[in-house]
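Please read the structure below before turning to the comments.
A quick note: this is a predicted structure, and the numbers were derived from the prediction, not measured. A note on names: the letters A, B, ... follow the listed sequences, proteins ahead of strands, and every chain is numbered from 1.
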Number of protein chains: 2
Amino acid sequence: MSHHDLNRDEDSPDRKIAYETVYKSLYDSIITGRFKPGKPLTIRGLAEEMNVSPMPVRESIRHLVALGALEMQTTRRVAVSEMTEERYREIVKVRILLEPEISVRAMAHCNNALINKLKHIDNEIESALDKGDADCYSLKNWEFHFTLYRAANCPIMLRLIESIWLQFGPFMRIIVGRLGTSYMVDQHINAITALKNKDEKALREAIRQDIYDGMDRIGEKLLGHASPK
Amino acid sequence: MSHHDLNRDEDSPDRKIAYETVYKSLYDSIITGRFKPGKPLTIRGLAEEMNVSPMPVRESIRHLVALGALEMQTTRRVAVSEMTEERYREIVKVRILLEPEISVRAMAHCNNALINKLKHIDNEIESALDKGDADCYSLKNWEFHFTLYRAANCPIMLRLIESIWLQFGPFMRIIVGRLGTSYMVDQHINAITALKNKDEKALREAIRQDIYDGMDRIGEKLLGHASPK
DNA sequence: TAAAAAAATTTGTGATCACAAATAATCTCA
DNA sequence: TGAGATTATTTGTGATCACAAATTTTTTTA
């Protein structure tokens, strides 16, 4: 299953909807940091690039603006938001509030298939880090977390977390290539171990630390300091 | 300021954008429970009702679906979601996580003007309850909470809370007319007092209790039981 | 009479056009 | 030469149309 339909049990491609293709494409562009923050995106430009009419792009942009993935200025031009001190602090705060919580709920529904899937994705993440493949890292890190969170069966909480991720997603690639990335403790492994042992406390701590590790690196690069604990 | 532009400091009506009018209208219809949960809404129907072309309605619907205010079925028809046991539990959980938190942040920026504004809105709420005016109650209760939350200056957290409110908003009117509403402790007053005294603990408790009081009544009516503490 | 099939209608999506506002490019004049 | 005014272009929004899918209504058949 793709990482876009966060709550759908199976893909059901009855009809090819251009809007969905466009939405997914923009979504991935955002979380891999393809759009420079602040640089205006145009409906016609994106439509031409994807060989569709402006209509599906218009609707996708409305959707992504609603999620906070794109920002609409008063002149109605849209762009990825720049990261600011205030936004950064809010994002860390909310992640720490929500993500350990949903992880614990996922633990209740966790089986071997999920654990193996997470292990596999984590290997791909490590490989992407080794190769310095920032696009792959961003997508796979996304996939790891949302594979776990989706298992919680909490669609409402999941939507909120998705909104948050879309707001720091464009900066996730910064983590790749930062000095010391390879010496980082792999909190994903700790999380997987905790899931296996049904150790709620350890799981919370692993997710919590994973958030701080990643956000610290983004904060250091963008704002010159680590996240406030 | 209206309650729709949650993060804008002042309305700037440079040009009349039909989309914004339509969006606000649908927004208010949703939070006052005008649309029956599960009953499909049609683009053309709403457009005709508001004397606009289908275009602004299409975009508004995309926006509201993205926020979780409306649900899009696989056949692409949209409707207000029905309340389920699972959704209800998630909503209570997330509200308890986020709303006391943002309230405390609002306290830091709280001045007399805000306190007076909240007092005034709370009077209107009490009046609406007395008269049994469910529409007015829903709108004013919304205004009370978002006036407070907006003061926190946390636009990212605010957006998440807005998304949650849009999901139980259609059922807020249930609170009016429930037996015993008039004997309820007014937690808004407690919150205002806590704000005045800069008493973080009391503020958290007031907001927390206000959430439980309201959600309990919704749960009792819709699901036959109170919220899980 | 009720279930199945067929026809008619409604609905969402995608494309195209017109228009005014916003942006970019050019020109003017000191 | 460069800042301000003017023109040209680009852009988002709103409207309308075509079309296929979904829904509703009608008809048929057992």
- Query: Roughly how far apart are A:Ile164 CD1 and A:Glu99 CD, rounded to 0.5 Å?
  - Reply: 8.5 Å

- Checking all strands, does B:Pro40 fall into the base, sugar-phosphate, or nothing category for heavy-atom contacts under 4.0 angstrom? nothing

- If you look at every strand shown and take non-hydrogen atoms under 4.0 Å, does B:Arg58 touch a base, only sugar-phosphate, or nothing? base

- Note on the structure: Rounded to whole Å, the OH-P distance (B:Tyr19 to D:dA15) equals 15 Å

- Item | Interatomic distance, B:Met72 CE vs D:dA22 P [rounded to whole Å] | 13 Å

- Query: Where each residue is assigned the nucleotide of DNA chain D containing its nearest heavy atom, which of A:Met55 and A:Val78 is assigned the position nearer the 5′ end?
  - Reply: A:Val78

- Between C:dT13, D:dG14, D:dG12, which one does the side chain of B:Pro56 approach most closely? D:dG14

- Message: Between B:Ser53 and D:dG14, is there a contact of a side-chain N or O with OP1 or OP2 at under 4.0 Å?
- Response: no

- Item | Check: A:Asn123 main-chain N/O paired with A:Ser127 side-chain donor or acceptor under 3.5 Å | no

- Message: Applying a 4.0 Å non-hydrogen cut-off, can you work out what B:Leu41 is touching in the nucleic acid: base, sugar-phosphate, or nothing?
- Response: sugar-phosphate

- Side-chain N,O (A:Thr75) to OP1/OP2 (C:dT23) below 4.0 Å: yes

- Query: A:Glu59 CD to C:dG14 C1': how many Å, rounded?
  - Reply: 9 Å

- Keeping the roles fixed (side chain from A:Asn116, backbone from A:Asn112), state whether a donor-acceptor pair exists under 3.5 Å. yes

- Query: Could you give the CD1-to-P distance, from A:Ile43 to C:dT16, as a whole number of Å?
  - Reply: 15 Å

- Item | Separation of B:His109 NE2 from B:Leu148 CG (nearest 0.5 Å) | 12.5 Å

- Under-4.0 Å side-chain N/O to phosphate OP1/OP2 contact, A:Arg62 with D:dT13: yes

- Note on the structure: Picking from C:dA15, C:dT11, D:dA15, the nucleotide nearest the side-chain atoms of B:Arg44 would be C:dT11

- Query: How close or far is atom C1' of C:dA24 from atom NZ of A:Lys39, stated in whole angstroms?
  - Reply: 15 Å

- Rounded to whole Å, CD of A:Glu48 lies from C1' of C:dT16 at a distance of 15 Å

- Item | Rounded interatomic separation in angstrom, taking CG from B:Leu46 and C1' from C:dG12 | 13 Å

- Charged tip of A:Arg62 within 45° of B:Tyr19 ring normal and under 6.0 Å: yes

- Task: Could you check how far NZ of A:Lys16 sits from C1' of D:dC19, rounded to whole Å?
- Result: 18 Å

- A:Val52 or A:Gln73: which one's nearest nucleotide on DNA chain C is closer to the 5' end? A:Val52

- For the base of C:dG12, is there a side-chain donor-acceptor partner from B:Arg77 under 3.5 Å away? no

